[in-house]
Structure formats: structure tokens, C-alpha cells
Colleague: 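One structure follows; several queries about it will come next.
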Amino acid sequence: MMEKRQLLIVSRNQEFIDRLVEQVSVYFEITSEKSIHVAYNTALNLLPDTIFFDKNSYNKASDFRNLKNFKSTHFLTKSFLIVYGSDTDLSILNKRYKNIIDEFVSDQLNIDQIVAKIQRDTKCKNYNYWHDCFMGLFNLMTQPIVLLQQNNIIAMNDAFKKTFRLEKIDGHKLTDFVNIENKAKVKTSLRNFARGKHMKAVTATSLLINNDKLRNARVSFSKLSRNITDQFIMMIDFSGEEDTMDDRIGSHANQVEKCFKENSEMAEFSFTKREKEIISLLCQGYKTKEISDALFISPKTIEKHRSNIIKRTNSETILESIVYAINHNLVDLPKS
């Protein structure tokens, strides 16, 4: 099922709004505002595909000048602006504002004709403004930035490569740079973000720079389109003093913010006392029966601990866990 597009209706005529909503709600997620000032702030949050302005509801000359701000803001330049009103008003507006109005709709049309115009005109507008902006700035940004397809890193800018001191640039995943205990949760959150309706998330977290050193950062995620199969970006700010993106622009994905916040608050990776005892003996070549005898616990309990160790190190086998533990000095081995 295709995701609904965003429609913002600016009108003081509630009856007219209700009639429009009834007709187009199958194709659009609809938001309506009576105040032009409030509608502007709403538009910055929604980044609507279509803005429908009911000129009949606003008589002051300043009212439409305020609406001009919608199209002068670069985040809304690609929104499709439809103006509805009398033929006289539309003729005047056409002379003054033809360059910013995408469609004029006469109030002489019936509701079905109006709806048909909204659906027709928005279907033919196929653009990806976020993607165009991002790709144009990608390697000019001094902050580390990556282009993501859920957990997979599709591209990284020069600042990211330098910051994380990468020997190779292919085959990386975002979870390669988060705490080991949180990999599965981060992966799930990224998938949910890609499939959800929210456009952005800004949060604090910690990232693995190199040699498992952690560094605190502010990270900002932003979609390049609402298509669930499309890509999104992550911008990293290690100063932690200010957001890398305007908080007003784009709807927020709370689950992503929470997930990365938890990643930041996690303690440094370590085994439990019992897990450390078991993996230390495994590193020395002990078998399950020998560990059972040495620690006075059942083989079944040892197998449970082995399973937890594999999950904790994000490994496939206990051998991988042992190699990980040795390489990261997580176990105390007897000196030869």
C-alpha cells in the first residue's frame, strides 16, 4: 500500500474543510489550520506535499503576503501550492504571484472537480528535494555524515572517513559504531524509522571512534523522502553544544531518539562476574564438563551462560566470542 501524502489546508471555513477531508482522506494525511501564522509553523513540521489555501477565508492584503513566506522558505519551496477563490481574486493573484502559485482553483467548481485537481496535480509532481539538497552538500560539510539504507552505510563523506579512521570504506554498517550490547536494538530502531512517517530524529549518544574508544555526540537523522525503501542521512556533531538541524523542521521519531539515548547512557561493555569466569576458562581450553566441576554449577547453566555470552558479543559462535574477548582485553588470562 502506497504511503499517504501530506496535505495542509489553510481555511477558516470548517464546513468546506470537512467536505474536502471526506473526499481526499483516502489519498492524503490531512492537517488543517485557520491561522496563517500557525499554518506556517505546521508546514515546517510536516513538510507537506500540498498546501491548499482558501483565499475566500482571508480578505486582508497582508494575508496572502504572509502565505508567500511558505514558498520563500527553502524547505517548502517544493510544496505544491494550490489557491482556491473567486475568479476575480484568482485573476489578481495570478498577475502578482504567478511565480509561486502552482495551481489556481475557482470556487465555481464543485467539490468533485476540486478534489480531482488536488489529486491530479500532486500526482504529477515527482521530486525529492531533500535528496537533491543533501547530495549537493555531502562532501562540503565538515561534520561527519553518512547516507544510510536502514543499517547499511551507502556512502560517507570525507569528514566521516577521517574521524573514524577507516582503512576501507565499503561494507560498513551503522551498528559497527555503536556499543556492542545495543546493536540489535539500534538496527530495529533504524528499520522502524525508515518505515515510519517521521522525517527526523535528533538525540545524544556515544559512538565508537576507533580501538573501541567511545566519544559522546549529537546525532541527527533525516529522511530524504517518505518512501520506506529510500535512504536517509545521519549527521554527527561531536561538540554536543548545538543541534545540527533545526528542531522545528520535520516530525520527530521518538523511538529512534530514545534508542540512541539509551546507547549513550549504557555502561562500558563488560561481562557479568559469572560470564567472565566461564569465558576465561573457555579461553584456556576448558570443556563444559570441566567448567562445571571447577565452578560447581550444572552443565545446563553453563550452556545458558554461553548463549548469553554469544548474544552479548553479537557473535555467531562461542569461538567468535572468545576471540572478541581476547582482542578487547575483557578476560584475565593466566600469564605464561
Colleague: Will you find, in the side chains of Asp54 and Asn13, an N or O donor that is under 3.5 Å from an N or O acceptor?
Modeller: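 The criterion, which ignores hydrogens and geometry beyond distance, is not satisfied for Asn13 and Asp54.
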
Colleague: One thing to verify: whether Arg5 and Glu29 come together as a salt bridge, which I'm taking to mean a side-chain N less than 4.0 angstrom from a carboxylate O.
Modeller: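 Not counted as a salt bridge, because no side-chain N and carboxylate O are separated by less than 4.0 Å.
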
Colleague: Scan Ile118, Asp18, Ile111 and name whichever one has a side-chain contact (heavy atoms from CB on, under 4.5 Å) with Gln23.
Modeller: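 Testing Gln23 for a side-chain contact (heavy atoms from CB on, under 4.5 Å) against Ile118, Asp18, Ile111 leaves exactly one candidate, Ile111.
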
Colleague: Considering non-hydrogen atoms only, spot the tightest contact between Ile51 and Pro48 and give its length.
Modeller: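 Answer, listing the atom of Ile51 first, then Pro48: CG1-CG, 3.8 Å.
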
Colleague: Contact between Glu275 and Ile309 at the side-chain level, heavy atoms closer than 4.5 Å - yes or no?
Modeller: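 They are in contact (side-chain heavy atoms under 4.5 Å apart), so the answer is yes.
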
Colleague: Are the side chains of Val178 and Phe260 in contact, using a 4.5 Å heavy-atom criterion?
Modeller: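 In short, these two side chains touch, coming nearer than 4.5 Å.
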
Colleague: Find the distance between CD1 (Ile279) and OH (Tyr286) and round it off to the nearest 0.5 Å.
Modeller: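 Answer rounded to 0.5 Å: 15.5 Å.
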
Colleague: What is the minimum heavy-atom distance between Ile236 and Leu207, and which atoms define it?
Modeller: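 So the two residues come closest at CD1-CD1, 3.9 Å.
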
Colleague: Taking the ring centre of each residue, are Phe232 and Phe193 less than 6.0 Å apart?
Modeller: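 Yes - the distance between ring centres of Phe232 and Phe193 falls below the 6.0 Å cut-off.
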
Colleague: Between Glu290 and Lys287, does a salt bridge (Lys or Arg N to Asp or Glu O under 4.0 Å) hold up when you go through it step by step?
Modeller: CA-CA 5 Å; Glu290 295 169 329; Lys287 307 297 183 184; over 6 Å; no

Colleague: Can any side-chain N or O of Asn157 pair as donor or acceptor with the backbone N or O of Gln143 at less than 3.5 Å?
Modeller: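 Side chain of Asn157 to backbone of Gln143: a pair is present.
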
Colleague: Establish, from distance only, whether the side-chain atoms of Lys173 and Asn152 form a donor-acceptor pair under 3.5 Å.
Modeller: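 Their side chains do contain a donor-acceptor pair, which is all the 3.5 Å distance test asks for.
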
Colleague: Quick one, Val83 with Val105, criterion side chain to side chain contact (heavy atoms under 4.5 Å, CB included). Give me CA distance, side-chain angles, the key distance, then yes/no.
Modeller: CA-CA 6 Å; Val83 176; Val105 176; over 6 Å; no

Colleague: Following the transitive rule for hydrophobic clusters with a side-chain heavy-atom cut-off under 4.5 Å over Ile, Leu, Val, Met, Phe, Trp and Tyr, establish whether Met234 and Leu166 coincide in one cluster.
Modeller: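 Shared cluster, yes.
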
Colleague: With rounding to the nearest 0.5 Å, note down the distance linking CG in Leu208 to OG1 in Thr175.
Modeller: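 One gets 10.5 Å once the value is rounded to the nearest 0.5 Å.
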
Colleague: With side chains defined as the heavy atoms from C-beta onward, is the minimum distance between Arg274 and Leu295 less than 4.5 Å?
Modeller: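 Answer yes - side chains close enough.
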
Colleague: Would you tell me whether Ser189 and Gln255 have side-chain atoms, one donor and one acceptor, within less than 3.5 Å of each other?
Modeller: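 Short answer, no.
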
Colleague: Tell me yes or no: between the side chains of Lys223 and Gln231, is some donor less than 3.5 Å from an acceptor?
Modeller: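 Their side chains do not contain a donor-acceptor pair, so the 3.5 Å distance test is not met.
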
Colleague: Is it true that Asn216 and Ser206 share a donor-acceptor pair across their side chains at a distance under 3.5 Å?
Modeller: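 There is no such pair between these side chains.
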
Colleague: What's the shortest heavy-atom distance between Ser79 and Asp102, and which atoms?
Modeller: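 Shortest heavy-atom separation between Ser79 and Asp102 comes out as O-OD2, 3.5 Å.
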
Colleague: What distance separates Ser11 OG from Lys55 NZ, expressed to the nearest 0.5 Å?
Modeller: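 Nearest 0.5 Å value for the OG-NZ distance: 12.0 Å.
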
Colleague: Can you name the nearest heavy-atom pair linking Glu257 to Thr203, along with the distance?
Modeller: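 Reported closest heavy-atom pair: O-OG1, 3.0 Å.
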
Colleague: Test of understanding: clusters of I, L, V, M, F, W, Y form through side-chain heavy atoms closer than 4.5 Å, transitively. Do Ile92 and Ile82 belong to the same one?
Modeller: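 Hydrophobic grouping puts Ile92 apart from Ile82.
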
Colleague: Are Ile318 and Ile326 linked, directly or through intermediate hydrophobic residues, by side-chain heavy-atom contacts shorter than 4.5 Å (ILVMFWY only)?
Modeller: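 Ile326 and Ile318: one cluster.
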
Colleague: For this output row, return yes or no: ring centroids of Phe80 and Phe52 closer than 6.0 angstrom.
Modeller: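 Between Phe80 and Phe52, the centre distance exceeds or equals 6.0 Å.
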
Colleague: Identify whether the distance between the nearest side-chain nitrogen and carboxylate oxygen of Asp293 and Lys289 falls below 4.0 Å.
Modeller: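 The answer is yes: the pair qualifies as a salt bridge.
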
Colleague: Applying the 4.5 Å side-chain criterion to the ILVMFWY set and letting contacts propagate, would Leu319 and Ile310 be lumped into a single cluster?
Modeller: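 No, separate clusters.
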
Colleague: Between Arg218 and Asp237, does at least one N-O distance fall below 4.0 Å, as a salt bridge requires?
Modeller: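 Salt bridge between Arg218 and Asp237, a charged N being under 4.0 Å from a carboxylate O: no.
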
Colleague: Identify the heavy atoms of Ser35 and Val38 that sit nearest to each other, and give their distance.
Modeller: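 That closest heavy-atom pairing would be OG-N, 3.2 Å.
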
Colleague: Taking all heavy atoms of Leu8 and all of Ala39, pick out the closest pair and write down the distance.
Modeller: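 Where Leu8 meets Ala39 most closely, the heavy atoms are CD2-O, 3.6 Å.
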
Colleague: First locate atom CG of Leu7, then atom CG of Asp49, and finally report the distance between them rounded to the nearest 0.5 Å.
Modeller: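 Between atom CG of Leu7 and atom CG of Asp49 there are 9.0 Å.
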
Colleague: Taking 4.0 angstrom as the limit, do Lys161 and Asp158 come out as a salt bridge?
Modeller: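 The answer is yes: the pair qualifies as a salt bridge.
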
Colleague: Just wondering, do Lys34 and Gln14 contact through their side chains at under 4.5 Å, heavy atoms?
Modeller: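 Yes; the side chains approach each other to less than 4.5 Å.
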
Colleague: Any chain of hydrophobic side-chain contacts (each under 4.5 Å) joining Ile154 to Met141?
Modeller: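 As far as the 4.5 Å side-chain criterion goes, Met141 and Ile154 are connected within one cluster.
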
Colleague: With the threshold set at 4.0 Å, does a side-chain nitrogen-carboxylate oxygen contact exist between Glu303 and Arg306?
Modeller: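 Salt bridge: yes.
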
Colleague: Checking Phe177 against His172 for the side chain to side chain contact (heavy atoms under 4.5 Å, CB included) test, could you report, in this order, the C-alpha distance in whole Å, the side-chain angles of both residues, the deciding distance, and whether it holds?
Modeller: CA-CA 9 Å; Phe177 304 98; His172 288 290; 4.1 Å; yes

Colleague: Under 6.0 Å between ring centres: does that hold for Phe53 and Tyr58?
Modeller: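 Ring-ring flag for Phe53/Tyr58: true, centres closer than 6.0 Å.
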
Colleague: How long is the gap from CG on Leu190 to SG on Cys259, to the nearest 0.5 Å?
Modeller: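 Here the rounded value is 7.0 Å.
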
Colleague: Starting from the C-alpha separation in whole Å, work towards a yes-or-no answer on side chain to side chain contact (heavy atoms under 4.5 Å, CB included) for Lys117 and Leu109.
Modeller: CA-CA 10 Å; Lys117 279 184 169 291; Leu109 300 180; 3.7 Å; yes

Colleague: Looking only at atom types and distance, does a side-chain atom of Gln113 sit under 3.5 Å from a main-chain N or O of Asn110, one as donor and one as acceptor?
Modeller: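 Yes: the side chain of Gln113 pairs with the backbone of Asn110.
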
Colleague: Answer yes or no: is there a side-chain heavy-atom contact under 4.5 Å between Ile297 and Ile302?
Modeller: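 A side-chain contact under 4.5 Å exists here.
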
Colleague: Would you say Glu277 and Lys273 make side-chain contact, with heavy atoms under 4.5 Å?
Modeller: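 Glu277 reaches Lys273 side chain to side chain.
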
Colleague: Does the side chain of Asp87 come within less than 4.5 Å of Phe104's, by heavy atoms?
Modeller: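 Not in contact.
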
Colleague: Check the pair Asn56 / Asp107 against side chain to side chain contact (heavy atoms under 4.5 Å, CB included), numbers first and verdict last.
Modeller: CA-CA 9 Å; Asn56 290 344; Asp107 60 8; 3.2 Å; yes

Colleague: Side-chain contact, heavy-atom cut-off 4.5 Å: Leu148 with Ile233?
Modeller: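 Side chain of Leu148 against side chain of Ile233, heavy atoms only: no contact under 4.5 Å found.
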
Colleague: Say whether Ser91 and Thr88, considering side chains only, have a donor N or O and an acceptor N or O under 3.5 Å apart.
Modeller: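 Side-chain D/A pair, Ser91 to Thr88: absent.
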
Colleague: Quick check for you: to the nearest 0.5 Å, what is the distance between Ile114 atom CD1 and Leu20 atom CG?
Modeller: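 If we round to the nearest 0.5 Å, Ile114:CD1 and Leu20:CG are 6.5 Å apart.
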
Colleague: Quick check against the 3.5 Å criterion: does Thr188 have a side-chain atom that pairs as donor or acceptor with the backbone of Ala184?
Modeller: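 Pair found, side chain donor or acceptor close to backbone of Ala184.
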
